[in-house]
2 protein chains.
Amino acid sequence: MDRREEIILAAEKSFSMFGYKATTMDQVAKIANVGKGTIYTFFSNKEELFHSIVWKMVEEMKDISERTAIEGATFQENAHARIMQLLKFRETHQLFIKLIEEEKELRTPAVGDVLTTIEKEIVNFIAGKIDRGVAKGELKPCDSELIAYLLFKSYVALVNDWSKTHDKQLTEKQITDVLNNTIFSSLLV
Amino acid sequence: MDRREEIILAAEKSFSMFGYKATTMDQVAKIANVGKGTIYTFFSNKEELFHSIVWKMVEEMKDISERTAIEGATFQENAHARIMQLLKFRETHQLFIKLIEEEKELRTPAVGDVLTTIEKEIVNFIAGKIDRGVAKGELKPCDSELIAYLLFKSYVALVNDWSKTHDKQLTEKQITDVLNNTIFSSLLV
DNA sequence: AAATGACCGGAATACCATTCTGGTCTGTTA
DNA sequence: TAACAGACCAGAATGGTATTCCGGTCATTT
């Protein structure tokens, strides 16, 4: 297999297992069965390698979310399913878990940067769906980025944050009910 | 002046200037012109003293927010004014600023606990306003705690978080527009 | 030309001696 | 005798330094 691919696979494995800070270039080289210098012929430094891996993950995440859409479902149903999928990915995917953990405990700057980039990408992704809904005449015209932002933050608040200060998680019905009555209802034509 | 009050004033000053971890009981005693042992006749330990100060601050914050309400204004107008006031207090009040900073940099557990308690208190405060609106027939019955939570989190997202990833802050009009169309509109009878 | 890994300097870590701090307690003051 | 003060204690925090570790380079090998 070509060396670049070996390196990417090795880096994926190592970043997922140990996080950004704790993976060493020696480590990656070893796993990839490659001399350390070889990595630098494909990636100019550790951070570029890291971005490469993370970007691949983001694409995969968007892809999965995309495939979650159901033919013939309403905008709200699809949006709900897609966003829930994104949140689930966040707490399921090894690398993502590790990055969130590292951000919380270690405050590694490179990781913080990457996480905000990912958030932006997610919000953009949602905004794109809204724009498409508007174009198809399903939704009222609106500031799609702002709405996407509010929507995503609301989901995170209700799905993830709520349970940090309350002992029983919100049910999916409670979440869809409140959001259908508020943000979603304001979007529909 | 009575010694208990001296101690509280001293503690307020010290916590505001240095945060929780960096204020020592000796420090507080010195400022209060009191022997260290004396503090322990009024407060059983450092944390209790701290809670005392923080609680006082929370009462003041609610009080200010309360007084912001305008006679004869709509529920939305008052809610907006009150919540904006709360957020402003958060980034204006010395002690509050210090605590948020300490939570971010030092991760002092006592401070983290206190901050979540404060958040709960704020959400409760908002929920109370909603309940009153329902009782007066201005608002539809609803899960007031859930709505209060969503509302507060949305405000924080739009007022504070947005500007972390975007260079121009949202205008107050953008914020009121989007929230009037979504959360507030779902509340009105 | 491509790949390697010994090597480098600066950053991170581990270690331990010293200081600091929350809380107690005994002596003192009013 | 009740309120107060501050010396005192044990354990936690800190600081300084000797050592290890790691990203990145580059002379050598394939």
Side-chain angles (χ1 to χ4, degrees), chain A residues 1-54 98-99 101-114, chain B residues 1-54 98-99 101-114:
Chain A
M1 199 193 248
D2 87 287
R3 297 175 113 62
R4 187 190 155 89
E5 195 59 22
E6 294 283 18
I7 291 167
I8 288 181
L9 255 33
E12 246 167 0
K13 195 177 295 184
S14 187
F15 286 134
S16 299
M17 288 174 62
F18 309 112
Y20 178 76
K21 195 176 165 188
T23 58
T24 68
M25 293 303 260
D26 282 303
Q27 166 93 293
V28 174
K30 181 100 75 78
I31 297 176
N33 267 108
V34 141
K36 181 162 57 157
T38 308
I39 298 177
Y40 289 87
T41 64
F42 296 108
F43 302 93
S44 62
N45 53 40
K46 188 184 180 182
E47 201 156 333
E48 192 183 307
L49 174 59
F50 182 51
H51 276 101
S52 200
I53 303 301
V54 168
K98 203 71 202 173
L99 294 185
E101 183 193 318
E102 191 168 353
E103 163 68 358
K104 206 167 57 187
E105 329 272 50
L106 283 303
R107 285 277 148 85
T108 321
V111 172
D113 291 352
V114 138
Chain B
M1 195 192 253
D2 88 286
R3 299 176 110 60
R4 187 191 155 88
E5 194 60 24
E6 294 283 16
I7 292 167
I8 288 181
L9 255 33
E12 246 167 359
K13 196 177 292 185
S14 187
F15 285 133
S16 299
M17 288 174 60
F18 309 113
Y20 178 76
K21 194 175 165 189
T23 47
T24 69
M25 295 302 260
D26 281 301
Q27 167 92 290
V28 174
K30 181 101 75 76
I31 297 176
N33 268 107
V34 142
K36 182 163 57 157
T38 308
I39 298 176
Y40 288 88
T41 64
F42 296 108
F43 303 93
S44 61
N45 54 38
K46 187 183 179 182
E47 201 156 333
E48 191 183 307
L49 175 59
F50 182 51
H51 276 102
S52 201
I53 304 303
V54 168
K98 203 71 201 172
L99 295 185
E101 184 192 320
E102 191 168 353
E103 162 69 357
K104 207 167 57 184
E105 328 273 49
L106 282 305
R107 286 275 148 85
T108 322
V111 173
D113 291 353
V114 139

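Side chains are part of it too, since the values below use all heavy atoms of this structure and drop only hydrogens, waters and symmetry mates. To find a chain, count down the sequence lines: A is the first, B the second, and so on, and within it residues start at 1. Every value quoted in this text rests on a predicted model; they were computed, and no experiment measured them.
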Quick one: A:Phe18 CZ to D:dC21 C1', roughly how many Å, whole number? 16 Å

Kindly list each side-chain donor-acceptor pair under 3.5 angstrom involving residues 18-33 of chain A, sequence neighbours excluded, with atom names and distances?
from: A:Thr23; atom 1: OG1; to: A:Gly19; atom 2: O; distance (Å): 3.4
from: A:Thr23; atom 1: OG1; to: A:Tyr20; atom 2: O; distance (Å): 3.2
from: A:Thr24; atom 1: OG1; to: A:Gln27; atom 2: N; distance (Å): 2.9

Looking at A:Ile39 and A:Ile7, what are the two nearest heavy atoms and their distance? CA-CD1, 3.9 Å

A:Gln27 CD - D:dG23 P separation (whole Å): 10 Å

Do the side-chain N or O atoms of A:Arg3 get closer than 4.0 angstrom to the phosphate oxygens (OP1, OP2) of C:dA2? no

Any sub-3.5 Å donor-acceptor pair from A:Ser14's side-chain atoms to A:Ala10's backbone N or O? no

Between C1' on D:dG23 and CZ on A:Phe42, what's the gap in Å once rounded to a whole number? 19 Å

Tell me the interatomic distance from B:Lys46, atom NZ, to C:dG22, atom C1', rounded to whole angstroms. 8 Å

List the atom of A:Phe43, the atom of A:Glu48, and the distance in Å for their closest heavy-atom pair. CA-OE2, 3.9 Å

Starting at the 5' end of DNA chain D and moving along, which residue's nearest nucleotide shows up first, B:Lys21 or A:Met25? B:Lys21

When rounded to whole Å, the CD to P distance for the pair B:Glu48 and C:dG22 reads 15 Å

Between C1' on D:dG24 and CZ on A:Phe43, what's the gap in Å once rounded to a whole number? 16 Å

Does a nitrogen or oxygen in the side chain of A:Arg4 sit under 4.0 Å from OP1 or OP2 of C:dA3? no

Can you sort out the partners of A:Thr41 under side chain to side chain donor-acceptor pair (under 3.5 Å), two or more places apart, ordered by chain and number? none

A:Ile7 CD1 to C:dA2 P, straight-line distance once rounded to whole Å: 14 Å

Minimum heavy-atom distance between A:Val114 and A:Leu99, given as atom pair plus value: CG1-CD1, 4.3 Å

What residues 31-41 of chain B contributes to the DNA chain C interface at heavy-atom separation below 4.0 Å is B:Lys36, B:Tyr40

B:Thr23 near the nucleic acid: base, sugar-phosphate alone, or nothing, with a heavy-atom cut-off under 4.0 Å? sugar-phosphate

Measure from CG on B:Asp26 to P on D:dC9 and round the result to the nearest Å. 16 Å

Please confirm whether the backbone N or O of B:Glu105 pairs with a side-chain atom of A:Arg107, one donor and one acceptor, at under 3.5 Å? no

